[in-house]
Amino acid sequence: MNKPFYRVTLLLALISSMLISAVPAKSDLVRLTIINNSNRHISLKLVGDNFYYLTVEPGDTQIFTPMRGIYTATLYSCGISVSQAFDLTKRQTLIVPTCGTKALKSSPKPGMIDGGELLKLVKVTFKNKTFGYMTLIFKGPQTYVFSFAKGDVKSFTIPKGKYTYWLYGCGTILTASFHAEANKVKEFSCP
């Protein structure tokens with residue numbers, strides 16, 4: 001056998017082997033970064049082929065490495081929970097903003113998830129213009145019970161959407177609907 005040919009072939013095989021080993025294999029794990037900009041503890045439950053329960057303290061950032069896959073994710077934040085499909089086949093960053101706001105000013109870049117968009121919280125203000133104490137029961141995306149003294153003005157952060165409410169006051173019970181949207185002010189008065 002020709003020694004120079006043998007050496008070149010061996011050298012090419014060695015270089016080829018080194019190049020193949022230099023290409024990293026795709027890991028079964030994926031990076032998930034959770035940035036909690038809210039003033040409350042948050043948690044994220046991931047259910048799929050594997051199960052994870054992740055928590056992040058207020059103002060903290062945590063990096064997790066779950067198994068790649070599609071999960072049903074339940075985000076608990078700002079006193080409510082929302083569930084949806086969560087694609088963890090690629091790297092993701094979940095940013096949870098202050099309750100009732102959005103985390104991002106513009107459309108999210110690939111791999112960025114705006115927790116504010118998931119929660120869909122809005123700030124609403126209720127004014128008690130009745131002649132006394134009143135209690136409100138709201139049923140819709142979530143259920144709430146609010147109490148007000150005469151003249152109270154209170155703001156709340158609740159999920160956006162349509163609610164049916166019952167007003168206990170004015171010596172009677174009134175029922176109506178309310179659509180919660182950002183910065184909406186609602187005055188309640190006696191008929």
Side-chain angles (χ1 to χ4, degrees), residues 32 34-48 51-62 64 71-86 92-105 108 112-191:
L32 170 63
I34 301 176
I35 303 168
N36 184 1
N37 291 330
S38 77
N39 60 358
R40 297 182 183 185
H41 160 270
I42 66 159
S43 64
L44 181 67
K45 180 173 74 170
L46 300 171
V47 179
F51 175 85
Y52 300 94
Y53 189 82
L54 314 172
T55 62
V56 181
E57 296 299 317
D60 198 9
T61 298
Q62 292 288 324
F64 301 96
Y71 292 86
T72 297
T74 304
L75 173 63
Y76 299 94
S77 179
C78 300
I80 68 165
S81 66
V82 292
S83 295
Q84 74 172 48
F86 205 67
Q92 298 283 6
T93 299
L94 170 63
I95 304 170
V96 179
T98 302
C99 297
T101 65
K102 293 184 181 180
L104 304 169
K105 302 283 186 241
M112 301 289 285
I113 301 166
D114 186 333
E117 284 291 324
L118 296 177
L119 295 170
K120 294 180 179 21
L121 294 173
V122 293
K123 181 181 175 184
V124 294
T125 301
F126 299 142
K127 296 181 179 183
N128 181 3
K129 296 288 188 174
T130 69
F131 52 79
Y133 184 85
M134 77 170 186
T135 299
L136 294 170
I137 298 176
F138 270 63
K139 289 191 180 237
Q142 296 282 322
T143 300
Y144 297 98
V145 177
F146 304 111
S147 298
F148 299 85
K150 179 181 177 181
D152 274 354
V153 176
K154 296 181 183 180
S155 294
F156 302 96
T157 304
I158 63 175
K160 183 178 184 176
K162 186 175 181 180
Y163 291 83
T164 298
Y165 69 86
W166 291 262
L167 183 151
Y168 294 83
C170 304
T172 189
I173 300 171
L174 305 171
T175 188
S177 63
F178 174 78
H179 188 78
E181 51 195 41
N183 301 312
K184 189 163 187 177
V185 177
K186 171 75 174 158
E187 293 183 356
F188 296 93
S189 58
C190 295

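- Going from atom CD1 of Ile34 over to atom OG1 of Thr61 covers 10.0 Å, rounded to the nearest 0.5 Å.
- Residue pairs satisfying the disulfide (SG to SG under 2.5 Å) criterion with at least one member in residues 140-182, sequence neighbours excluded, are listed as follows: Cys170-Cys190.
- Applying the side chain to side chain donor-acceptor pair (under 3.5 Å) rule to pairs touching residues 149-163 yields Thr125-Ser155, sequence neighbours excluded.
- Checked against the 6.0 Å centroid criterion, the rings of Phe188 and Tyr165 qualify as a close aromatic pair.
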Using distance only, find each side-chain donor-acceptor pair of residues 126-140 under 3.5 Å and give its atom names and separation, not counting sequence neighbours.
| from | atom 1 | to | atom 2 | distance (Å) |
| --- | --- | --- | --- | --- |
| Asn128 | OD1 | Thr130 | N | 2.9 |
| Asn128 | OD1 | Thr130 | OG1 | 2.5 |
| Asn128 | ND2 | Gly132 | O | 2.9 |
| Asn128 | ND2 | Ala149 | O | 2.9 |
| Thr130 | OG1 | Gly132 | N | 3.4 |
| Thr130 | OG1 | Gly132 | O | 2.9 |
| Tyr133 | OH | Ser147 | OG | 3.2 |

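- Side-chain contact between Ile158 and Leu121 is absent, with no heavy-atom pair separated by less than 4.5 Å.
- The OH atom of Tyr168 sits 4.5 Å away from the CD1 atom of Ile173 when rounded to the nearest 0.5 Å.
- With sequence neighbours excluded, no residue forms a side-chain hydrogen bond (donor to acceptor under 3.5 Å, both in side chains) with Thr164.
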Just list the side-chain donor-acceptor pairs under 3.5 Å for residues 35-48, sequence neighbours left out, or say none.
| from | atom 1 | to | atom 2 | distance (Å) |
| --- | --- | --- | --- | --- |
| Asn36 | OD1 | Ser38 | N | 2.9 |
| Asn36 | OD1 | Ser38 | OG | 2.6 |
| Asn36 | ND2 | Arg40 | O | 2.9 |
| Asn36 | ND2 | Val56 | O | 3.1 |
| Asn36 | ND2 | Glu57 | O | 3.2 |
| Ser38 | OG | Arg40 | N | 3.2 |
| Ser38 | OG | Arg40 | O | 2.9 |
| Arg40 | NH1 | Cys78 | O | 3.4 |
| Ser43 | OG | Tyr53 | OH | 3.2 |

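- Of the residues listed (Ile95, Leu104, Leu118, Leu75), the one engaging Ile113 in a side chain to side chain contact (heavy atoms under 4.5 Å, CB included) is Leu118, and it is the only one.
- Here Glu117 pairs with Lys102 under the salt bridge (Lys or Arg N to Asp or Glu O under 4.0 Å) rule; sequence neighbours left out.
- Between Phe146 and Tyr144, the ring-plane angle classifies as parallel under the 30° and 60° cut-offs.
- Phe148 places none of its side-chain heavy atoms less than 4.5 Å from the side chain of Leu167.
- Ala180 and Pro159 get closest at one heavy-atom pair: CB-O, 3.9 Å.
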